[in-house]
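Worksheet for the structure shown next.
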Amino acid sequence: MRIDLPGGTFTMGSDAHYPEEAPTHRVRVDAFSIDATTVTNAEFAVFVEATGYVTIAERDLDPVDFPDAPPENLQPGSMVFVPTRGPVDLRHLSQWWRWKPGASWQHPQGPKSSIDHRLDHPVVHVAYEDATSYAAWASADLPTEAEWEYAARGGLEGATYTWGDEARPRGAIMANTWDGPDFPWRSSGESSFLRTAPVGSFPANGYGLFDMAGNVWEWTDDWWTEGHPEDVDKPCCIPSNPRPGGLEQSFDTAQPQFKVARKVVKGGSHLCADSYCLRYRPAARRPQMIDTGTSHQGFRCVRRRRAEEQPS
């Protein structure tokens with residue numbers, strides 16, 4: 001199901017959280033439609049059946065491209081979250097992320113797992129190329145960062161979350177995120193989900209869109225930048241459909257050893273814990289290497305109106 005959005009001007013970003021989200025600034029987006037949910041395993045399976053598409057996680061690796069990789073890692077696979085056995089130093093992500101040969105969209109936890117009972121879950125282990133290939137087949141696109149954030153806000157200007165400013169209004173759990181403070185080793189289980197949840201398991205936002213917070217991170221089509229541009233002084237100068245940055249600027253300075261371009265991902269995931277990663281918010285943004293999928297990375301599509309169809 002698609003939701004038609006009228007477009008308009010809104011305040012993008014946040015000055016109250018992580019530095020890459022600042023400064024807040026006004027932008028204008030044109031009318032577009034967006035999928036009410038992320039693409040599911042069932043939907044992606046239809047695409048694969050129709051096209052014979054093979055995802056990056058399922059393709060053989062060329063040793064020339066990975067000269068320092070151990071031989072056992074030079075086989076198809078992907079990055080999978082594995083809970084630790086106890087508290088760990090949260091500065092080192094490698095303690096809870098594992099490269100698993102055989103992990104892919106069809107085997108989200110590794111070769112012995114399947115999606116047989118997860119057809120209504122978001123497809124994961126999709127790299128940027130995989131997401132854009134699906135979108136092209138569906139006569140759609142990936143959203144820009146501005147489009148995604150406009151949609152996620154659901155009409156709530158400047159709100160912290162997609163549903164308002166209170167994390168749990170009247171005690172309600174509003175998104176599939178990590179339960180409790182003990183990330184990455186122990187979840188309290190309040191939401192009933194340790195990993196992904198079926199799409200639409202939590203309340204929709206004001207535009208009728210599900211899981212714009214938590215569950216899985218979502219690809220956008222914008223290159224990563226380390227921050228936002230300054231706000232403009234005059235309403236006449238508010239940028240329309242902004243696409244800041246480019247490939248050369250997208251490399252992550254925090255990980256200079258990885259010379260891989262990055263796109264912006266939005267929305268947070270089931271691994272977002274308030275004590276570690278408070279990023280299940282519309283303004284939150286992270287860089288993701290375009291050649292890498294993970295067990296908490298998915299996407300949804302948009303369809304844009306032609307210029308003559310835009311409201312005057």
Side-chain angles (χ1 to χ4, degrees), residues 1-2 35-59 75-85 96-127 130-131 133-135 137-138 172-180 182-204 208-219 265 267-273 280 292-301:
M1 181 175 67
R2 304 176 202 161
D35 293 346
T37 71
T38 50
V39 174
T40 64
N41 285 315
E43 291 169 328
F44 200 79
V46 172
F47 159 64
V48 170
E49 178 66 23
T51 64
Y53 185 82
V54 177
T55 63
I56 287 180
E58 298 170 291
R59 301 175 194 172
Q75 51 186 312
S78 190
M79 299 297 293
V80 175
F81 168 73
V82 179
T84 62
R85 295 182 178 180
W96 58 88
W97 283 105
R98 298 285 186 274
W99 173 265
K100 281 201 174 184
S104 70
W105 74 274
Q106 299 185 79
H107 306 286
Q109 273 20 92
K112 295 183 179 180
S113 65
S114 78
I115 58 170
D116 290 349
H117 302 292
R118 305 181 190 183
L119 293 176
D120 56 352
H121 286 230
V123 65
V124 293
H125 296 296
V126 280
D130 305 328
S133 296
Y134 176 96
W137 171 78
I173 298 175
M174 303 297 289
N176 182 20
T177 59
W178 186 270
D179 297 323
D182 298 325
F183 180 84
W185 62 287
R186 180 174 62 187
S187 170
S188 65
E190 293 176 81
S191 69
S192 302
F193 300 105
L194 178 61
R195 294 184 173 87
T196 58
V199 299
S201 294
F202 295 85
L209 303 173
F210 295 92
D211 303 317
M212 298 301 282
N215 217 15
V216 292
W217 285 97
E218 300 182 24
W219 285 108
V265 295
S269 78
H270 58 280
L271 300 181
C272 280
Y280 56 98
T292 305
T294 66
S295 60
H296 71 338
Q297 177 73 50
F299 71 102
R300 74 181 73 209
C301 296

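Remember, it's a predicted structure, so these values are computed and weren't measured experimentally.
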N/O donor-acceptor pair under 3.5 Å between [X] side chain and [Y] backbone:
X	Y	value
Thr51	Phe47	yes
Arg300	Ala36	yes
Asp211	Gly200	yes
Lys100	Met79	no
Asp35	Met1	no

Working note: Gln297 + Val216, criterion side-chain contact (heavy atoms from CB on, under 4.5 Å); need CA distance, chi angles, decisive distance, verdict.
CA-CA 5 Å; Gln297 177 73 50; Val216 292; 6.0 Å; no
Check [X] against [Y] and note the closest heavy-atom contact, atom names and distance.
X	Y	result
Ala175	Ala213	CB-O, 3.4 Å
Leu194	Ser187	CD1-CB, 4.1 Å
Cys272	Gly268	SG-CA, 3.6 Å
Ser133	Tyr53	OG-CE1, 3.5 Å

Measuring from [X]:[atom1] to [Y]:[atom2], what's the distance to the nearest 0.5 Å?
X	Y	atom1	atom2	value
Thr37	Leu209	OG1	CG	9.5 Å
Cys301	Glu218	SG	CD	10.0 Å
Ser114	Asn41	OG	CG	9.5 Å

With Trp185 via ring-ring contact (aromatic ring centres under 6.0 Å, His included) - residues at least two apart
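Expected list: none.
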Applying salt bridge (charged side-chain N to carboxylate O under 4.0 Å, His left out), name anything that partners Arg59, two or more places apart in sequence or on another chain.
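Only Glu129 meet the salt bridge (charged side-chain N to carboxylate O under 4.0 Å, His left out) criterion with Arg59.
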For Asp182, give me all partners under salt bridge (charged side-chain N to carboxylate O under 4.0 Å, His left out), at least two apart in sequence or on another chain.
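Residues passing salt bridge (charged side-chain N to carboxylate O under 4.0 Å, His left out) with Asp182: Arg186.
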Please determine, by modelled atom types, if Asn176 and Tyr280 share a side-chain donor-acceptor pair under 3.5 angstrom.
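On atom types as modelled, these side chains do not qualify, holding no pair under 3.5 Å.
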Student check: side-chain heavy atoms of [X] and [Y] closer than 4.5 Å:
X	Y	answer
Phe299	Val126	yes
Ser269	Asn215	no
Trp217	His296	yes
Leu119	Thr40	no
Val48	Trp105	yes
Pro108	Ser295	no
Phe210	Phe202	no
Phe193	Asp179	no

Side chain to side chain donor-acceptor pair (under 3.5 Å) with Ser78: which of His107, His125, Glu58?
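Exactly one pass, corresponding to His125.
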Could you go step by step and tell me if Trp97 and Val82 meet the side-chain contact (heavy atoms from CB on, under 4.5 Å) rule?
CA-CA 6 Å; Trp97 283 105; Val82 179; over 6 Å; no
Determine, step by step, whether Leu271 and Phe81 satisfy the side-chain contact (heavy atoms from CB on, under 4.5 Å) criterion, reporting the C-alpha distance in whole Å, the side-chain angles of both residues, the deciding distance to 0.1 Å, and the verdict.
CA-CA 9 Å; Leu271 300 181; Phe81 168 73; 3.7 Å; yes
Run the numbers on His121 and Thr196 for side chain to side chain donor-acceptor pair (under 3.5 Å), then give the verdict.
CA-CA 7 Å; His121 286 230; Thr196 58; 2.8 Å; yes
Decide if the gap between the ring center of Trp96 and the ring center of Phe183 is smaller than 6.0 angstrom.
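For Trp96 and Phe183, the ring centres are under 6.0 Å apart.
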Do Tyr134 and Asp130 pass the side-chain contact (heavy atoms from CB on, under 4.5 Å) test, and can you show the C-alpha distance, the side-chain angles, and the key distance before you say yes or no?
CA-CA 6 Å; Tyr134 176 96; Asp130 305 328; over 6 Å; no
